[in-house]
Chemist: 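Following this message is one structure expressed as structure tokens.
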Amino acid sequence: MAVPGLRNIADARQRLMASPESQAAWAALDCGFAVVADVFDECLSAAGQVLTAAEMPEYLAAARTIGKLGRGPEPLLAFLEHWPDVARQVPQALALPALMAAIRSLQKSPNAPAVTPLLQTLAAVVGQLRSADGLADYLRIALELADRTSGSIHGHQITEPSPALPEFFRSAPQLLAIVPLAGVRQWMLQGIRLTAQHPAQQRDYFALRTPESRHLLERERSGTLFADVERRLSLGLHALWADDSLLVPYSTAFAGHRQQPYLAADGLRLPDVLNDRPGSSGLARYRLMLAHMAGHRRWSQPLIADNWSPMQRLAVEALEDARIDCLLLRLYPGLTASLLAAHPQPQPGSCDAASENTLRHRLTRLSRACIDPAGTDPDPLIDEFAGCFRRCLADGAASTRAVADIALAYAARSRLPSDQYARVHFADTEIDYRDDNRHLWIHLEPGDEEESFEPPPSAAASEPSGLPPRHYPEWDEAAQTWRPDWVAVYEALHPPANAADIDALLARHAPLARRLKRLLDLLKPQERVRIRHQENGSELDLDVAVRAWTDWRSGHLPDPRIQVSHRTAGRDISVLLLIDLSQSLNATLPGGQQSILDTAREAVALLAWAIDELGDACAIAGFHSNTRHEVRYHHIKGFSEAWGDPVKARLAAVSAGWSTRMGAALRHAGRMLEARRSEKRILLVLTDGEPADIDVSDPDYLLGDARKAVGELAGSGIDSFCLSLDPAADAYVGRIFGRQWRILDRIERLPEQLPMVYLNLTR
């Protein structure tokens, strides 16, 4: 349950300034928001795992600027939480200047409130774009939308903010998962045209709430998106070529010139979308691009380019590409149909050699004649050099230098006066599955052809001081859509206190423990299964021990696995008890002086003892939240830990505060249970109120998200059950957990009822 303004947990932990480095970083941030102070150390640690020491000042300077915008703590929290995820995929040196320029542009206009949704969805957007160029183009689209949809009362100066821009930022991850950037821009322009005079309709359009908006978006989805096939391409590259290179898409939305795939130091660059063509699907062309670049890596050797003319280099590239294609078809004949379908087939006589430059046309015909064994060309010179090419490759893979000699000879003999013309014939000459061959040349002197690339960011040298936040989506029931990476969950091992306090609590309930013991003895599995050939066990395996002794006496190395251990059969259960540690647990029980938290601690101690007696795998965790930026998940007992003093000490130290953002905690607990290979996995939730948080005003919002989380757990094979201590829980608990819940009207009976609930669930 939410209690606004509660700070006692954060003050008790004294989280701020754990080291001189964090003190210096906090001073550089110059922030006065207490909610930022609560999570600053973890965010700084997460950034330190991605950014270098030289990049940290830039990161902190950007955070300081965002914190001074006058928009409250929300944009700063979003930046601190999500920037490490952005920088992990796009170098900070390329991404941060573009982002800050966009923020400054928005801040100078009435659209300054849109900075917050921009930063909240930035990591999810970059996860779809995967490149600095794509991010820059995305920000250009956003600023164009802001410019074209902002209003002016008097017609001279922009005074009204864009009604579409915040909705566009919130919808951007979903948009980019459906269409590439070029399609997003076309969809945006259509939306502006349709809704320019209707602000309310414009908001609905860019929030994807209208049928027209969704229909027009579907129309822009053409071809094969890189994001949809990235995993298949990566696996194919690894399987066929033993190559684990990173695949990085580039945007085709604002390309002022034709772009080709290329080999870079930080990965293989591919277009973000490919349209299907007759005889060649987008996926097949993606595979051809990767195969061609992988072939270059295996068979090509770089050449010195300084003493060759552009025409000679073009000829060398054409025949070297043809050599790689021939070697590909020799290694993988199944590529023949798709490769020949993707390679253009220029027709003789389709261009005028007297008025235009036909060099590309002739080289494309030569390339086709080289790779197509059944193909011929009417030009006898092309046929002659295609034959030379085939003879060169007849005895093996040949070499780049050998093919270059053939290309230079062809360039010399086929040269025409029109080869100097600026008007170049391009029709049917673009072989777009081939890369741009920048890797093929070494330039001893700087020239116009070279392109430099920023090296990928190196990992920070310092060791992390804490776990970075884990981000989870949240379901918006009203909009029927996901808010990606919306909630930040910080997990940590709960600090310990005095384990003797738990022993004292168990001693108070000794009669109840004895009754439970009798029930446990009836439920405890009796079948014992021997596990032989163990180095450490409970008894000696005589047969194996005698064999080992015989080996030792005869001078052979004995087998040390001479012991036997046992396990009980019949129960294969993993249970995670998730405790709601919100502020309302500090309330006192009616007619007594004991708090609900103390009663819950007693019940959890009895349950942990009972599960330990049964031998089931059990974990215990607690959670509470302080807005979506800070959901704290405290590990009290792990699955592999025994019920002993360290666990008791953590349970004794448990305190309550803040609010109940249940959906995020359920998803994080489900991640822990998904890793278990037990036949039955149970998530048992102990709570005293409905989901709530101080940054949520709609009571149904977090209820809908929690119900969605329970459905996700069920889809993963995890059973959820809720034991509620709220007498009024009938109104909402069924909406979240279906029929898997129970309300305990008399909270003082919790120590008795909680173990019984577990026993009934696991019979």
Chemist: Using every non-hydrogen atom in the two residues, find where V86 and A123 come nearest and quote the distance to one decimal.
Modeler: CG2-CA, 3.8 Å
Chemist: For S584 and D688, work out which heavy atoms get closest and say how close.
Modeler: OG-OD2, 2.5 Å
Chemist: I'd like to know if the side chain of T660 and the backbone of A692 have a donor-acceptor N/O pair within less than 3.5 Å.
Modeler: no
Chemist: Would C722 and T687 satisfy side chain to side chain contact (heavy atoms under 4.5 Å, CB included), going step by step from the backbone distance to the final call?
Modeler: CA-CA 7 Å; C722 177; T687 181; 3.6 Å; yes
Chemist: With sequence neighbours excluded, what pairs up with R601 under the salt bridge (charged side-chain N to carboxylate O under 4.0 Å, His left out) test?
Modeler: D598
Chemist: Report yes or no: does S574 contribute a side-chain atom to a donor-acceptor pair with the main-chain N or O of S678 at less than 3.5 Å?
Modeler: no
Chemist: For residues P249 and L270, determine if any side-chain heavy atom of one lies less than 4.5 Å from a side-chain heavy atom of the other.
Modeler: no
Chemist: Pick out which of L585, V604, I636, I620 makes a side-chain contact (heavy atoms from CB on, under 4.5 Å) with V654.
Modeler: I636
Chemist: Listing request: all salt bridge (Lys or Arg N to Asp or Glu O under 4.0 Å) pairs with a residue in residues 699-715, at least two apart in sequence or in separate chains.
Modeler: E477-R707, R667-D705, R667-E712, D700-R735
Chemist: Is there a donor-acceptor pair closer than 3.5 Å between any side-chain N or O of K637 and the backbone N or O of W643?
Modeler: no
Chemist: Between D693 and T627, is there a donor-acceptor pair closer than 3.5 Å when you use the side chain of the first and the backbone of the second?
Modeler: yes
Chemist: Could you check whether any side-chain heavy atom of Y758 comes within less than 4.5 Å of a side-chain heavy atom of I611, counting everything from C-beta outward?
Modeler: yes
Chemist: Side chains of V36 and L77, heavy atoms from C-beta outward: is any pair under 4.5 Å?
Modeler: yes
Chemist: Do Q174 and W482 get their side chains close enough for a donor-acceptor pair, meaning under 3.5 Å?
Modeler: no
Chemist: R214 side chain to L208 main-chain N or O, any donor-acceptor pair under 3.5 Å?
Modeler: yes
Chemist: Keeping the roles fixed (side chain from N626, backbone from W658), state whether a donor-acceptor pair exists under 3.5 Å.
Modeler: no
Chemist: Using 0.5 Å steps for rounding, measure from the OG atom of S724 to the CD1 atom of I743.
Modeler: 5.5 Å
Chemist: Would you compute the distance between atom CG of L135 and atom CZ of R130 and round it to the nearest 0.5 angstrom?
Modeler: 13.5 Å
Chemist: Do we see a donor-acceptor contact under 3.5 Å between the side chains of D485 and Y472?
Modeler: no
Chemist: For F639, give me all partners under ring-ring contact (aromatic ring centres under 6.0 Å, His included), at least two apart in sequence or on another chain.
Modeler: none
Chemist: Side-chain contact test, heavy atoms from C-beta onward, threshold under 4.5 Å: evaluate it for M662 versus D580 and give yes or no.
Modeler: no
Chemist: Looking just at side-chain N and O atoms, do N586 and S595 make a donor-acceptor pair shorter than 3.5 Å?
Modeler: no
Chemist: If you take all heavy atoms of L581 and G622, which pair is closest and at what distance?
Modeler: CD1-CA, 3.7 Å
Chemist: Salt-bridge test for R749 and E752: reply yes if a basic N is under 4.0 Å from a carboxylate O, no otherwise.
Modeler: yes
Chemist: Could you give the distance from CZ (R185) to CG (L145), rounded to the nearest 0.5 Å?
Modeler: 11.0 Å
Chemist: Decide yes or no on side chain to side chain contact (heavy atoms under 4.5 Å, CB included) for L181 and I141, but give the supporting numbers first.
Modeler: CA-CA 9 Å; L181 270 175; I141 290 174; 3.7 Å; yes
Chemist: Using a strict 4.0 Å threshold on nitrogen-to-oxygen distance, state whether R628 and E74 make a salt bridge.
Modeler: yes
Chemist: If you take all heavy atoms of P117 and R170, which pair is closest and at what distance?
Modeler: CB-CG, 4.1 Å
Chemist: Does the side chain to side chain contact (heavy atoms under 4.5 Å, CB included) test come out yes or no for L702 and W475, once each step is laid out?
Modeler: CA-CA 8 Å; L702 290 179; W475 176 252; over 6 Å; no
Chemist: Would you please name every residue forming a salt bridge (charged side-chain N to carboxylate O under 4.0 Å, His left out) with D695, sequence neighbours left out?
Modeler: R661
Chemist: Looking at CZ of R676 and CZ of R681, how far apart are the two atoms once the value is rounded to the nearest 0.5 Å?
Modeler: 10.0 Å
Chemist: So, does S213 use its side chain to make a donor-acceptor pair with the main chain of R209 at under 3.5 Å?
Modeler: no
Chemist: Would you say the side chains of D204 and T210 form a donor-acceptor pair under 3.5 Å?
Modeler: no
Chemist: For N760 and M756, indicate whether the former's side chain and the latter's backbone hold a donor-acceptor pair under 3.5 Å.
Modeler: yes
Chemist: Using only heavy-atom distances, determine whether the side chains of Q202 and E167 contain a donor-acceptor pair under 3.5 Å.
Modeler: no
Chemist: Indicate yes or no: at least one non-hydrogen side-chain atom of Y138 is less than 4.5 angstrom from one of V184.
Modeler: no
Chemist: Where is the tightest heavy-atom contact between A63 and L80, given as atom of each residue plus distance?
Modeler: CB-CD2, 4.0 Å
Chemist: Are the ring centres of F79 and Y59 closer than 6.0 Å?
Modeler: yes
Chemist: To the nearest 0.5 Å, what is the distance between CE on M672 and NE2 on H635?
Modeler: 4.0 Å
Chemist: Mind checking the CG-CD1 spacing from L686 to I579? Nearest 0.5 Å is all I need.
Modeler: 6.5 Å
Chemist: Can you list the residues that meet the side-chain contact (heavy atoms from CB on, under 4.5 Å) rule with A479, with sequence neighbours excluded?
Modeler: D476, T481
Chemist: Between S659 and H624, is there a side-chain heavy-atom distance shorter than 4.5 Å?
Modeler: no
Chemist: In plain terms, say whether R632 and E630 are close enough for a salt bridge, that is, a side-chain N and a carboxylate O under 4.0 Å apart.
Modeler: yes
Chemist: Are F721 and V685 close enough, and set up right, to give a side chain to side chain contact (heavy atoms under 4.5 Å, CB included), and what steps lead you there?
Modeler: CA-CA 6 Å; F721 189 91; V685 181; over 6 Å; no
Chemist: Could you report the tightest heavy-atom contact between Y286 and L225, atom names first, then the distance?
Modeler: OH-C, 4.3 Å
Chemist: Residues two or more places apart in sequence or in another chain: which of them pass ring-ring contact (aromatic ring centres under 6.0 Å, His included) with Y205?
Modeler: W187
Chemist: Side chains of L99 and W83: does their closest heavy-atom pair fall under 4.5 Å?
Modeler: yes
Chemist: Would you check if there is a donor-acceptor pair between the side chains of H82 and Q120 at a distance under 3.5 Å?
Modeler: no
Chemist: Side-chain contact test, heavy atoms from C-beta onward, threshold under 4.5 Å: evaluate it for Q740 versus S720 and give yes or no.
Modeler: no
